[in-house]
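Beneath this line is the structure, given in structure tokens, with notes to follow.
Residue numbers begin at 1 in each chain, while the letters A, B, ... track the order of the sequences.
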Amino acid sequence: MLLKKTLLLLSFIYCCTVISQKSTIKDHAFFFKKMDSLNTIPNNLLKVTSLFFNNQQWDSVIVYSSKALLNKMQKPHLYYFNYMRGSSFMRKNLFREAQKELEKIPNHFLFYNKVLYALSGVFLEQNKFKKALLYLKKIKEKELSAFDEINQLSITNDIGVCYLHLKDYKNAQLYLSEFLNSIKKKNNTTETSEAYTNIANLYYEQYKDSIAISYFTKAYKLAQKTSNNELKRLTTKNMAVVEENRKDLLKAITYRKESEKWRELVYNQEKIYEVSKLEKKILEQQKQNEINALKLENKAKSFQRNGFITSSLLLFLLLSVGAYFLIQKNKSHKIINTQKTELDLLNKTKDKLFSIVSHDLRSSVNLMQKSNTKLIKNIEKKNYSSLNTIANKNASIASSTYNLLENLLNWANIQTKQLYFHIESIDLYSVVQQIEYNYIPLFENKELNFTNNVKQPSFILADLDSLKIIIRNLLDNAIKFTPLEGKINCKTSIDIKNNATLFIIEDTGIGMDEKMIKELLLESPLLSRKKNQQEIGTGLGIQLCKNLAVKNNASFNIESNINQGTKIILKFPNV
Amino acid sequence: MDNLNILIIEDDEELANDIADTLITNNYTVVGIASNYKDALTKYYQFSIDLVIIDIFLGENPEGITFAETISTIPNALKPFLFLTSSKNRQIFERAKLTNPFRFLLKPFNELELLYAIEMAIEKFYHQTNVFASKSEDTVIADEYLFIKKKNTLKKVKLSSVIYIEVENRYCNIITEIEKFVIQIPLSKINEYLNDRLFKQIHRKYIVNTEVIQEIKISENSLLLKNNHLIHYSDKYKDLIKGFCILK
């Protein structure tokens with residue numbers, strides 16, 4: 001901003017001079033730089049104040065500088081505040097305070113020239129030309145550096161104006177013409193016009209009207225070329241005053257009118273500023289409204305989005321719950337299926353049991369009944385000689401029926417997994433001995449020669465009771481298929497490689513062919529029925545033995561030749 | 001050598017008598033037959049018992065297991081026992097199995113099976129399996145007794161009545177206050193199971209009952225035991241004797 005004070009000469013001429021006090025804030029670049037570089041503790045305060053100063057918020061500068069001045073601060077820093085405060089006072093037209101503030105600064109202050117310049121401005125504003133001249137001269141005498149950022153020319157002009165007002169025309173002419181000459185070189189229309197005005201005023205004061213008028217006209221014409229309305233108004237007004245004094249009233253009126261016009265333009269300009277400010281405000285308001293609307297829209301959108309997310313989440317949840325139930329359903333289906341197959345198997349087992357019971361057990365009990373009837377008849381007839389054979393037959397029927405029942409029960413137990421199983425160390429010799437004890441009458445009955453050639457002791461790993469079932473069944477078979485006076489032998493041999501014991505039951509019975517062996521060893525739960533056999537048998541025994549052998553980690557094998565006897569070989573793991 | 005005292009807990013009178021007869025013929029002593037839980041407990045604490053034969057089902061309920069559970073809760077009072085059962089019902093067995101260590105015998109059984117089961121029960125209870133069936137050993141060492149197999153039966157010898165043991169190859173001569181006999185047992189087993197507070201080895205061949213030492217004849221390197229048995233001790237085991245003397 002230009003500080004440009006129009007001084008209306010209150011002498012009879014009413015002409016205006018122009019001083020060129022241009023202490024623009026722009027000229028303070030070095031000043032701000034220097035302030036920034038100051039590394040002080042309340043540096044913040046200084047920065048804030050300088051920022052306000054730079055933005056020409058004078059009131060704020062005053063407030064903050066007063067704060068700073070209240071804090072006791074290092075002197076050189078204090079002067080910056082003093083300067084800024086003084087300058088701000090001047091801008092607010094509080095000249096006395098400005099003068100006070102500026103005069104506090106001693107001459108060793110880095111920017112003392114600026115202070116002097118500001119002081120001269122203060123006095124110029126108050127029309128105290130003598131004092132202003134004093135300060136301006138002081139500056140003029142000094143060697144000015146670029147650092148001071150003071151226009152030498154404007155000092156010259158200001159001194160000239162001061163002399164003019166002090167009516168020291170000689171000196172005024174010296175400085176003003178110097179200014180004019182320097183300005184002309186710079187080819188700046190506005191400043192040249194100002195210089196012409198001042199020169200014209202100088203001559204006008206001295207009543208050298210013709211020269212003065214020519215300068216006024218020059219100034220006027222130059223001013224017309226510029227866009228500076230204030231300058232136009234000034235020059236026009238000067239022209240009006242000059243013409244009025246020449247009594248050329250017509251011209252004077254036109255000039256006056258023109259000047260009025262310029263004044264109005266200036267005024268209008270101000271108005272336009274205000275209007276534009278208002279417009280700006282309205283625009284801002286509109287923008288704010290738009291922003292608000294956008295914000296609202298955003299809110300709505302985010303709400304929508306949230307809604308979408310929630311609904312999708314809900315959907316996902318629903319889906320996963322559905323999937324879970326589906327899986328559960330499938331699982332239960334699977335379980336049901338496996339249960340079904342299990343049940344089917346159990347049902348088959350049950351059917352088989354029933355078939356055995358209905359056929360074999362029935363026939364064997366039937367045989368017993370018939371035999372008993374015979375026995376009773378014989379007793380009635382007192383035919384005692386045949387009683388013995390019948391009783392023996394009965395006994396054998398009873399025992400084989402009992403064996404059948406026992407096997408049925410055990411087999412059912414295995415099928416229903418109801419059998420308690422405990423593998424431990426067992427002496428095979430003792431077990432064979434124990435079983436032999438029960439079979440002695442049977443052997444004697446058939447005059448069979450039984451030998452227990454099991455090595456003593458033979459400790460194997462097996463479940464005692466299932467082992468007994470196996471041996472009993474095998475002995476039953478051996479007795480069944482061995483003719484009178486045959487031999488049955490139990491023996492063991494050691495399989496060192498597998499750390500196992502081979503338990504062998506051999507007989508001199510009727511034996512069987514390969515096909516039969518294969519059939520017996522076939523892994524089938526189905527019970528084969530033996531044909532052409534008068535004795536009761538279902539093949540249940542061998543199946544049971546095979547099953548139990550597997551449970552005892554034993555292998556089961558048959559070696560046989562027709563009419564040469566059978567060898568059953570079981571391989572048990574050793575202790 | 002004494003007979004084993006056996007308590008039979010069986011509600012089937014005929015079977016109980018059968019068992020008792022079998023046991024008596026095989027030189028076991030039947031101290032009593034109990035037919036119910038309460039009776040069984042009374043008799044159990046009344047007599048000095050070496051083994052209990054328990055029928056799992058007394059009447060309708062598996063009171064036999066309850067009895068076994070009861071005596072199992074008092075570890076010091078626990079004696080070897082043998083379950084009798086007619087079915088291998090899994091549920092019952094799972095419960096019976098908890099009264100560890102347990103042996104069972106499936107009905108019906110013959111004489112040999114019963115005797116074998118008794119032997120197995122004794123072996124299992126004292127954690128020395130495969131003894132009685134083997135040819136190389138015939139003795140199980142318990143806390144208070146030696147259980148020795150003699151033919152088809154088991155005999156017991158009170159350890160406190162043993163004066164000394166003479167080791168000879170796979171055999172051991174047991175010298176008690178009243179008799180002298182031979183058992184089959186490896187030295188390693190004696191060292192592992194014999195009560196070492198009571199018995200000390202004083203020589204490669206001799207293990208003595210420290211309670212019956214009458215005199216230590218240091219000049220002769222020998223011990224005078226009860227019944228005037230004079231046992232020579234070797235230098236290798238001298239320290240043992242010395243430590244023992246100081247304690248005395």
Side-chain angles (χ1 to χ4, degrees), chain A residues 398-399 402-403 405-442 452 454-472 475 492 501 544 548 551 574-575, chain B residues 22 25-26 56 62 65 82-138 140 149 151-154 184:
Chain A
S399 88
Y402 177 79
N403 282 343
L405 261 174
E406 183 82 355
N407 278 349
L408 268 177
L409 184 70
N410 284 324
W411 189 69
N413 269 339
I414 290 173
Q415 296 299 315
T416 53
K417 286 162 188 159
Q418 275 294 319
L419 201 70
Y420 175 81
F421 212 78
H422 179 71
I423 286 181
E424 60 189 334
S425 163
I426 288 166
D427 175 35
L428 200 55
Y429 177 82
S430 305
V431 175
V432 173
Q433 207 183 16
Q434 288 162 37
I435 292 163
E436 184 195 351
Y437 187 88
N438 281 8
Y439 278 83
I440 292 167
L442 292 173
N452 180 2
V454 174
K455 189 182 159 261
Q456 194 180 359
S458 289
F459 292 112
I460 58 162
L461 285 176
D463 172 68
L464 179 61
D465 287 300
S466 58
L467 178 66
K468 280 180 183 171
I469 293 166
I470 293 170
I471 297 173
R472 265 189 230 125
L475 283 180
T492 48
T501 298
L544 193 66
L548 289 173
K551 287 198 95 176
N574 278 348
V575 174
Chain B
T22 309
T25 37
N26 283 291
I56 285 184
I65 297 177
L82 173 67
F83 282 124
L84 299 179
T85 177
S86 49
S87 91
K88 287 184 97 178
N89 182 293
R90 198 181 185 82
Q91 279 181 328
I92 293 293
F93 267 75
E94 290 302 330
R95 194 180 150 197
K97 217 169 84 177
L98 296 176
T99 61
N100 218 14
F102 95 113
R103 284 289 322 171
F104 63 90
L105 184 58
L106 210 58
K107 289 191 223 171
F109 50 84
N110 62 36
E111 191 183 330
L112 291 183
E113 283 172 317
L114 176 65
L115 298 179
Y116 182 68
I118 289 170
E119 289 168 15
M120 291 278 274
I122 297 278
E123 282 182 359
K124 201 167 184 184
F125 188 82
Y126 295 109
H127 308 291
Q128 294 162 51
T129 48
N130 302 344
V131 170
F132 297 130
S134 77
K135 282 192 156 180
S136 57
E137 294 176 42
D138 64 0
V140 162
K149 184 165 180 181
K151 286 182 184 168
N152 280 338
T153 190
L154 293 183
Q184 273 185 303

Could you check whether atom CD of B:Q91 has more than 12 heavy atoms from other residues, nucleotides or ligands sitting under 6.0 Å from it? no
For A:L409, is it the side chain, the backbone, both, or neither that has a heavy atom closer than 4.5 Å to a heavy atom of chain B? neither
For the CD1 atom of B:I118 and the CG atom of B:L105, what is their distance to the nearest 0.5 Å? 9.0 Å
Engaged part of B:S134 at the chain A interface, taking heavy atoms whose separation is under 4.5 Å: both
Relative to chain B, which segment of A:N413 carries a heavy atom at a distance below 4.5 Å: side chain, backbone, both, or neither? neither
Contact winner vs chain B - A:Q434, A:Q456, A:K468, A:H422, heavy-atom pairs under 4.5 Å: A:Q434
So, B:N152 and B:E111: side-chain donor and acceptor under 3.5 Å apart, yes or no? no
Is there a side chain to side chain contact (heavy atoms under 4.5 Å, CB included) between A:D465 and B:F104? Walk through the geometry before answering. CA-CA 10 Å; A:D465 287 300; B:F104 63 90; 2.9 Å; yes
Given that the side chain runs from C-beta out, which part of A:E424 has a heavy atom under 4.5 Å from chain B: side chain, backbone, both or neither? side chain
Regarding A:T501 and A:N574, is there a side-chain donor-to-acceptor distance under 3.5 Å anywhere? yes
